[in-house]
Colleague: 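Here it is: the structure, laid out below.
Quick note: residue numbers are just sequence positions, from 1. Note that the structure is a prediction, hence the values are computed from the model and not measured. In each ligand, atom 1 is the first atom listed, and ligand 1 is the first ligand listed.
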Amino acid sequence: MGRLTNRVALVSGGASGIGKASAVRLAEEGAKVVVADIDAELGQQTVGAIQDNSGTATFMHLDVTNESQWQECVAATVDVYGGLNILVNNAGIAVGGSILTMTLGDWQRQQAINLDGVFLGVKYAIPAMIESGNGSVINISSVAGIKGSANLAAYNATKGGVRLFTKGVARECAANRWPVRVNSVHPGVIETPIWDKMNPELLEAGMNTMDLESMAEQVVPTGQLGKPLDIANGVVFLASDESSYMTGTELIIDGGLCA
Ligand SMILES: NC(=O)c1ccc[n+]([C@@H]2O[C@H](COP(=O)([O-])OP(=O)(O)OC[C@H]3O[C@@H](n4cnc5c(N)ncnc54)[C@H](O)[C@@H]3O)[C@@H](O)[C@H]2O)c1
């Protein structure tokens, strides 16, 4: 408790899954948290969970593909809480399916959320972090940003992009002596709603539910399905001063999947 007292955090995609768990854990450690998402109803539930736990949080509408909304969200965060120290670029979607049948529209939608969204977050958060005196950017990539997977090539492209973009931005911050660290987190198979939204064709046919426990048993070396909290604990570590000498690196949390 108290590892992030007096810090202000913005979590994109904070309404669900890994973003929700990260927002809750950051608040538990004392950060004031902006939960930013397109889903106001679930976003308010995250805020409610934080407040019920005596934490400080507020919801802001943010579509991460929208440049002016990013500008407004960062400015409003600084207005409400007096600065910005932690950005979790978490909002993301996974569009599965063969590259032969994937539409250009699906490719571009996924690029826009997973990669443009991260670019815009970094672009507008870093000046506010410099102004605030310190910052930690945590970009949520994936094991799919390290290894390829059949029927996930387009997702691989976005997450591989996030991984290397992170390193480039980290070096730019370091070269300029800006007080901002930038790292990526690479979750393995984590139990969140993302899996049920993955394949648009199956979704339309109402057949998209995956048995994640069995899949994890088969593909994860430890046999375990990860929980959002497993990732949130890594996010808190990268947000805190305990990781103060870490920048441009990648934290893999995957039950051994990449080993
Ligand atoms: N769950 C996993 O196994 C897993 C593994 C590796 C990486 N990830 C990554 O973790 C991140 C979080 O995923 P999750 O599993 O918690 O999924 P999730 O579907 O539970 O949550 C994603 C959140 O992002 C929000 N979102 C979607 N589009 C948005 C937009 N345009 N603007 C703002 N918010 C938007 C959704 O409303 C939702 O609240 C994603 O970047 C995902 O790629 C997840």
Side-chain angles (χ1 to χ4, degrees), residues 10-25 34-47 49 59-70 72-74 87-96 106 108-121 138-147 149 152 154-163 165-166 184-199 203 208 210-213 215-216 219-220 224-232 234-235 250-255 257-258:
L10 196 169
V11 182
S12 77
S16 174
I18 291 168
K20 178 175 184 175
S22 298
V24 168
R25 280 292 293 119
V34 171
V35 175
D37 207 292
I38 47 172
D39 190 328
E41 196 181 330
L42 288 183
Q44 292 290 4
Q45 285 179 24
T46 304
V47 169
F59 176 77
M60 292 186 194
H61 173 83
L62 171 67
D63 177 345
V64 294
T65 67
N66 186 311
E67 184 162 12
S68 60
Q69 287 184 20
W70 264 115
E72 286 160 18
C73 189
V74 169
L87 170 66
V88 187
N89 264 321
N90 163 79
I93 60 169
V95 183
D106 275 342
Q108 288 172 336
R109 183 167 59 92
Q110 184 165 233
Q111 288 281 333
I113 296 172
N114 292 8
L115 204 44
D116 298 0
V118 171
F119 160 70
L120 291 171
I138 299 148
N139 293 328
I140 306 298
S141 176
S142 171
V143 294
I146 295 172
K147 295 166 38 145
S149 288
L152 273 180
Y155 184 71
N156 289 142
T158 67
K159 293 301 184 179
V162 168
R163 174 176 174 270
F165 178 68
T166 300
S184 56
V185 172
H186 300 259
V189 183
I190 312 299
E191 187 175 23
T192 77
I194 201 171
W195 293 91
D196 295 333
K197 309 177 224 169
M198 190 176 280
N199 189 322
L203 195 59
N208 210 40
M210 286 205 194
D211 181 354
L212 286 180
E213 291 278 359
M215 187 174 87
V219 304
V220 179
Q224 292 167 298
L225 178 60
K227 305 286 183 222
L229 181 61
D230 295 317
I231 309 306
V235 167
E250 48 206 49
L251 183 57
I252 300 172
I253 307 174
D254 70 346
L257 201 53
C258 287

Colleague: Heavy atom to atom 35 (C) of ligand 1, shortest distance: which of Ser141, Ala21, Ala91 holds it?
Modeller: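 Among Ser141, Ala21, Ala91, the closest heavy atom to atom 35 (C) of ligand 1 comes from Ala91.
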Colleague: Ser184 side chain to Ile140 main-chain N or O, any donor-acceptor pair under 3.5 Å?
Modeller: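 Flag not set: sc Ser184 to bb Ile140 has no pair under 3.5 Å.
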Colleague: One residue to check: Asn114. Relative to ligand 1, which of side chain, backbone, both or neither has a non-hydrogen atom less than 4.0 Å away?
Modeller: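 Looking at Asn114 and ligand 1, no heavy atom falls under 4.0 Å.
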Colleague: Would you say the side chain of Val189 lies within less than 4.5 Å of the side chain of Met215, judging by non-hydrogen atoms?
Modeller: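 In contact.
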Colleague: Could you tell me, atom by atom, which parts of ligand 1 come under 4.0 Å of a heavy atom of Gly17?
Modeller: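 The list of qualifying atoms is 16 (O), 20 (O).
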Colleague: If I apply the N/O under 3.5 Å rule, does Ile113 come out as touching ligand 1?
Modeller: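 Ile113 vs ligand 1: no N/O contact under 3.5 Å.
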Colleague: Taking the side chain as every heavy atom from C-beta outward, state whether Ile93 and Lys197 have any pair of such atoms under 4.5 Å apart.
Modeller: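 No. Closest side-chain heavy atoms not under 4.5 Å.
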Colleague: Please examine the side chains of Cys73 and Leu10, heavy atoms only from C-beta on, and report whether any two atoms are closer than 4.5 Å.
Modeller: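 Touching, per the 4.5 Å side-chain cut-off.
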Colleague: Hey, which atoms in ligand 1 end up nearer than 4.0 Å to a heavy atom of Ile18?
Modeller: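 Selected atoms, number and element: 10 (O), 16 (O), 44 (C).
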Colleague: Please confirm whether the backbone N or O of Lys147 pairs with a side-chain atom of Asn156, one donor and one acceptor, at under 3.5 Å?
Modeller: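 Flag set: sc Asn156 to bb Lys147 pair under 3.5 Å.
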Colleague: As an exercise, identify every atom of ligand 1 less than 4.0 angstrom from a heavy atom of Trp195.
Modeller: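 Contacts of ligand 1 toward Trp195, numbered from 1: 1 (N), 2 (C), 3 (O).
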Colleague: Mark the output for Lys159 as yes if a heavy-atom distance to ligand 1 is under 4.0 Å, and as no if none is.
Modeller: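 Yes.
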Colleague: Classify the contact between Ser12 and ligand 1 as side chain, backbone, both or neither, using a heavy-atom distance cut-off of under 4.0 Å.
Modeller: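 Neither part.
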Colleague: If you count the atoms of ligand 1 from 1 in the order shown, which ones are under 4.0 Å from a heavy atom of Pro193?
Modeller: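 Counting from 1, the qualifying ligand atoms are 20 (O).
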Colleague: To which protein heavy atom is atom 28 (N) of ligand 1 closest, and what is the distance rounded to 0.1 Å?
Modeller: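 Here the nearest protein heavy atom works out to Ile38 CD1, 3.7 Å.
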Colleague: Identify which of Gly19, Gly13, Gly43 has a heavy atom lying nearest to atom 24 (O) of ligand 1.
Modeller: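 Going through Gly19, Gly13, Gly43 one by one, Gly13 has the nearest heavy atom to atom 24 (O) of ligand 1.
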Colleague: Would you mind checking which non-hydrogen protein atom is closest to atom 43 (O) of ligand 1, with the distance to 0.1 Å?
Modeller: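 Looking at atom 43 (O) of ligand 1, the protein heavy atom closest to it is Tyr155 OH, 2.6 Å.
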Colleague: What protein heavy atom is closest to atom 17 (O) of ligand 1, reported as residue, atom name and distance in Å?
Modeller: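 The closest one turns out to be Ile194 CB, 3.4 Å.
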Colleague: Select one of side chain, backbone, both or neither to describe which atoms of Asn90 lie under 4.0 Å from any atom of ligand 1, heavy atoms only.
Modeller: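 Looking at Asn90 and ligand 1, atoms from backbone and side chain both fall under 4.0 Å.
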Colleague: Which protein non-hydrogen atom lies closest to atom 19 (O) of ligand 1, naming both residue and atom, and how far is it?
Modeller: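 That would be Lys197 NZ, 2.6 Å.
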Colleague: Output yes when Asp230 and Lys227 qualify as a salt bridge under the 4.0 Å nitrogen-oxygen rule, no when they do not.
Modeller: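 Judged by the 4.0 Å cut-off on N to carboxylate O distance, Asp230 and Lys227 do not form a salt bridge.
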Colleague: Below 3.5 Å, N or O to N or O, backbone or side chain included: is there any such pair between Ile190 and ligand 1?
Modeller: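 In this structure, Ile190 places an N or O atom under 3.5 Å from an N or O of ligand 1.
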Colleague: So which of Gly188, Pro228, Ser142, Ala94 gets nearest to atom 4 (C) of ligand 1, if we judge by its closest heavy atom?
Modeller: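 Of the listed residues, Gly188 has the closest heavy atom.
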Colleague: If you look at every heavy atom in Ala23 and Thr46, which pair is closest and at what distance?
Modeller: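 Taking Ala23 first and Thr46 second, the nearest heavy atoms are CB-CG2, 3.9 Å.
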Colleague: Check whether any side-chain heavy atom of Met198 sits under 4.5 Å from a side-chain heavy atom of Leu152, and report yes or no.
Modeller: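 Yes - at least one pair of side-chain heavy atoms lies under 4.5 Å apart.
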Colleague: Got the closest protein heavy atom to atom 32 (N) of ligand 1, with its distance?
Modeller: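 Going by distance alone, atom 32 (N) of ligand 1 is nearest to Val64 N, 3.0 Å.
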Colleague: Check each atom of ligand 1 against the heavy atoms of Asp63 and keep those under 4.0 Å away; list them by number with element.
Modeller: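 Close to Asp63: 30 (C), 31 (N), 32 (N).
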Colleague: Give the numbers and elements of all ligand 1 atoms closer than 4.0 Å to a heavy atom of Gly92.
Modeller: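 Within the 4.0 Å cut-off of Gly92, ligand 1 contributes 22 (C), 24 (O), 40 (C), 41 (O).
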Colleague: Taking atom 37 (O) of ligand 1 as the point of reference, which of Val118, Asp39, Asp37 owns the nearest heavy atom?
Modeller: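 The nearest heavy atom belongs to Asp37.
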Colleague: Does any part of the side chain of Ile38, heavy atoms only, come nearer than 4.5 Å to the side chain of Asp63, both counted from C-beta?
Modeller: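 Contact flag for Asp63/Ile38 side chains = yes.
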Colleague: Report yes if some heavy atom in the side chain of Ile18 is under 4.5 Å from a heavy atom in the side chain of Ile190; otherwise report no.
Modeller: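 Ile18 vs Ile190: side chains touch.
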Colleague: Before signing off on this row, confirm whether Val189 and ligand 1 have an N or O atom pair separated by under 3.5 Å.
Modeller: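 No, no N or O pair falls under 3.5 Å.
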Colleague: Below 4.0 angstrom from a heavy atom of Leu62, which ligand 1 atoms are there? Numbered from 1 as shown, please.
Modeller: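 The list of qualifying atoms is 32 (N), 33 (C).
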Colleague: Which protein heavy atom lies closest to atom 18 (P) of ligand 1, and at what distance to 0.1 Å?
Modeller: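 For atom 18 (P) of ligand 1, the nearest protein heavy atom comes out as Ser16 OG, 3.6 Å.
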Colleague: Could you tell me whether His186 approaches ligand 1 through its side chain, its backbone, both or neither, with non-hydrogen atoms closer than 4.0 Å?
Modeller: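 Neither; no heavy atom under 4.0 Å.
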Colleague: Determine whether a donor-acceptor pair (N or O, by modelled atom type, separation under 3.5 Å) exists between the side chain of Asn114 and the backbone of Gly92.
Modeller: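 No: the side chain of Asn114 does not pair with the backbone of Gly92.
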Colleague: For atom 14 (P) of ligand 1, what is the nearest protein heavy atom, given as residue, atom name and distance?
Modeller: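 Protein heavy atom with the smallest distance to atom 14 (P) of ligand 1: Thr192 OG1, 3.4 Å.
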Colleague: Is it the case that the side chain of Asn90 and the backbone of Gly13 share a donor-acceptor pair, with hydrogens and angles ignored and the cut-off at 3.5 Å?
Modeller: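 Looks like yes, one N/O pair under 3.5 Å.
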Colleague: So Val220 and Asp254, do their side chains get closer than 4.5 Å, heavy atoms only?
Modeller: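 They are not in contact (no side-chain heavy atoms under 4.5 Å apart), so the answer is no.
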Colleague: State, yes or no, whether a side-chain contact exists between Tyr155 and Val95 at a heavy-atom distance under 4.5 Å.
Modeller: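 No - every pair of side-chain heavy atoms lies 4.5 Å or more apart.
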Colleague: Could you go through Ser141 and Thr166, starting from their C-alpha distance and side-chain angles, then the distance that decides it, and tell me whether this counts as side-chain contact (heavy atoms from CB on, under 4.5 Å)?
Modeller: CA-CA 9 Å; Ser141 176; Thr166 300; over 6 Å; no
